[in-house]
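Notes to accompany the following structure.
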Amino acid sequence: MPELDARLETIVNQKIQAMGASQIRAFAQKFDQIPGIIKLTLGEPDFNVPEHVKDAAIRSIQDNKSHYTDQRGIRELRQAISGYLQHRFRLTYDADTEIVATVGASEAIFSVLGGLINPGDKVLVATPTFALYWPVISIFGGIPIQVDTTADGFRLTGKHLQAVIDREGADTVKAVILNFPGNPTGVTYDRAQLQAVADVAKRQGMYVITDEIYAELTYGQPHTSMAELLPEQTILINGLSKSHAMTGYRIGYFAGPAEIVKTISKLHGFVVTCPSNPAQYAALEALTNGLDDSKQMRQTYQQRRDYVVPELNRLGYVTTMPTGAFYAFAKIPPEFGLDAVAFATKLAEVGLVGVTPGSCFGAGGEGYVRLSYASSMADLKEAMRRLAVFTADLRTHVLN
């Protein structure tokens, strides 16, 4: 319909039309078409949902739990979230006024940003990071400011945060977004590092939106939540996707000060009405009787990490040892002369290993690729073997 194409800009939302699709998904789908490829692309656990959690979802269907629930989620689930946050991270949230269950952490991100941002507000985003934040900020008329953290080991320091605020203007900066343990870097923060950021945020009166979806997946150090250090100015986002391999169940949540949650929950209600009943009852079971379910997953991820990262370093792909999540963020050897997209494409087409270009994750990501080790050890070993062959061939080609 040529006439529709000609009028499209006046028909659809121009902000949305101008946005590209998710680059992470686009690369994963593109590489899916290559026969025999080993995909280390999407960040999805390769475990199954625990049996007792699946049984709870089934029981909810059998018990005819099929009607609308409270838009914020069933009260029992909100109480379980409150108890979990208290037990794990010493956080105190009222189940009735400070917690909302969402359709995955992604919807929580959308609702939180939509409930906070006024047109012209600047939101700082520590990058490289999950690429959903800045499109959503833009949708609501905010101005995303990507803050490259590569010089500080992929962590936002208090000093760097203050410098960006001074540059951008304290009166226009509404919030800062942190994702830790981090996607794509696997880096997390210790208590002192978080406190330095919290001190700046408190002094400036700005909010911290903290996406802690990988909180259960840390290696060698406990997870400290920003909400413990700055509860009155923190909006916490989390969910069950990574901790219990429940990506398809789509249950997340946000928690924060009651007066802010009240407004955010209005947008949440307009967007989704309420989360799915079977998923809510599954999440209730996971947070009530499955707090140790992620322990075996975490141990397995750590074993894979301890194999993959040394192999990458041995092959010349400098990679910081991740302290959380299930990603390795590897630096492409500069002598190859390839940007992240070109390298990832060549590796997929020639080496038959699928990785995600670091440029998909914002400022600081160029020159890197992300590998997910949420895959079997057999696949990881074969992927490293293929990468070794590919790297040797590439070096021979470059040197000659």
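Bear in mind that the values here come from a model prediction, so they are computed numbers and not experimental data.
Between F361 and N183 there is a side-chain heavy-atom pair separated by less than 4.5 Å. A heavy-atom distance below 4.5 Å is not found between the side chains of Y219 and T188. I235 is listed as a side-chain neighbour of L116, based on a closest heavy-atom distance under 4.5 Å. Looking at F329 and P322, their side chains never come closer than 4.5 Å, going by heavy atoms from C-beta outward. By the 4.5 Å heavy-atom criterion applied to side chains, Y189 and L178 are counted as neighbours.
Ion pair D63/K65 not flagged as a salt bridge, since none of the NZ, NE, NH1 or NH2 atoms sits closer than 4.0 Å to an Asp/Glu carboxylate oxygen. Salt bridge status for K54 with E51: present, with a side-chain N to carboxylate O gap under 4.0 Å. The pair E335-R395 meets the salt-bridge criterion, since a charged nitrogen lies less than 4.0 angstrom from a carboxylate oxygen. Under 4.0 Å is where a charged nitrogen must lie from a carboxylate oxygen, and between D393 and K346 no such pair does. Using a 4.0 Å cut-off between charged side-chain N and carboxylate O, R191 and E228 make a salt bridge.
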**Request:** Please lay out, stage by stage, how R386 and F390 fare under the test side-chain contact (heavy atoms from CB on, under 4.5 Å).
**Result:** CA-CA 6 Å; R386 294 181 185 184; F390 173 82; over 6 Å; no

**Request:** Dump the intermediate steps for salt bridge (charged side-chain N to carboxylate O under 4.0 Å, His left out) on D70 and R75, then the final yes or no.
**Result:** CA-CA 8 Å; D70 188 307; R75 190 168 189 272; over 6 Å; no

**Item:** F180 vs H223, ring-ring contact (aromatic ring centres under 6.0 Å, His included): CA-CA, chis, key distance, verdict
**Value:** CA-CA 9 Å; F180 68 97; H223 179 79; 5.2 Å; yes

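Checked against I332 for a side chain to side chain contact (heavy atoms under 4.5 Å, CB included), the options V318, V369, D339 give a single hit: V369.
A side-chain donor from one of Q162 and Q204 sits under 3.5 Å from a side-chain acceptor of the other. A donor-acceptor pair shorter than 3.5 Å cannot be found between the side chains of S66 and N64. Inspection of the T157 and Q193 side chains reveals no N or O donor paired with an N or O acceptor under 3.5 Å.
Linking Ile, Leu, Val, Met, Phe, Trp and Tyr residues whenever their side-chain heavy atoms come within less than 4.5 Å leaves V272 and Y249 in two separate clusters. Cluster membership check: Y373 shares its hydrophobic cluster with V353, using side-chain heavy-atom separations under 4.5 Å among Ile, Leu, Val, Met, Phe, Trp and Tyr.
The distance from the CG atom of D190 to the OG1 atom of T323 is 9.5 Å, given to the nearest 0.5 Å. Residue F110 holds its CZ atom at 6.0 Å from CG of L267, rounded to the nearest 0.5 Å.
Within the 3.5 Å criterion, the main-chain N or O of V100 finds no donor-acceptor partner in the side chain of R78.
Classified by interplanar angle (parallel below 30°, tilted 30° to 60°, perpendicular above 60°), the ring pair Y214/F326 is perpendicular.
Within 6.0 Å of NZ in K122 there are more than 12 heavy atoms belonging to other residues, nucleotides or ligands.
Between Y133 and D211, the closest heavy-atom pair is OH-OD2, 2.6 Å.
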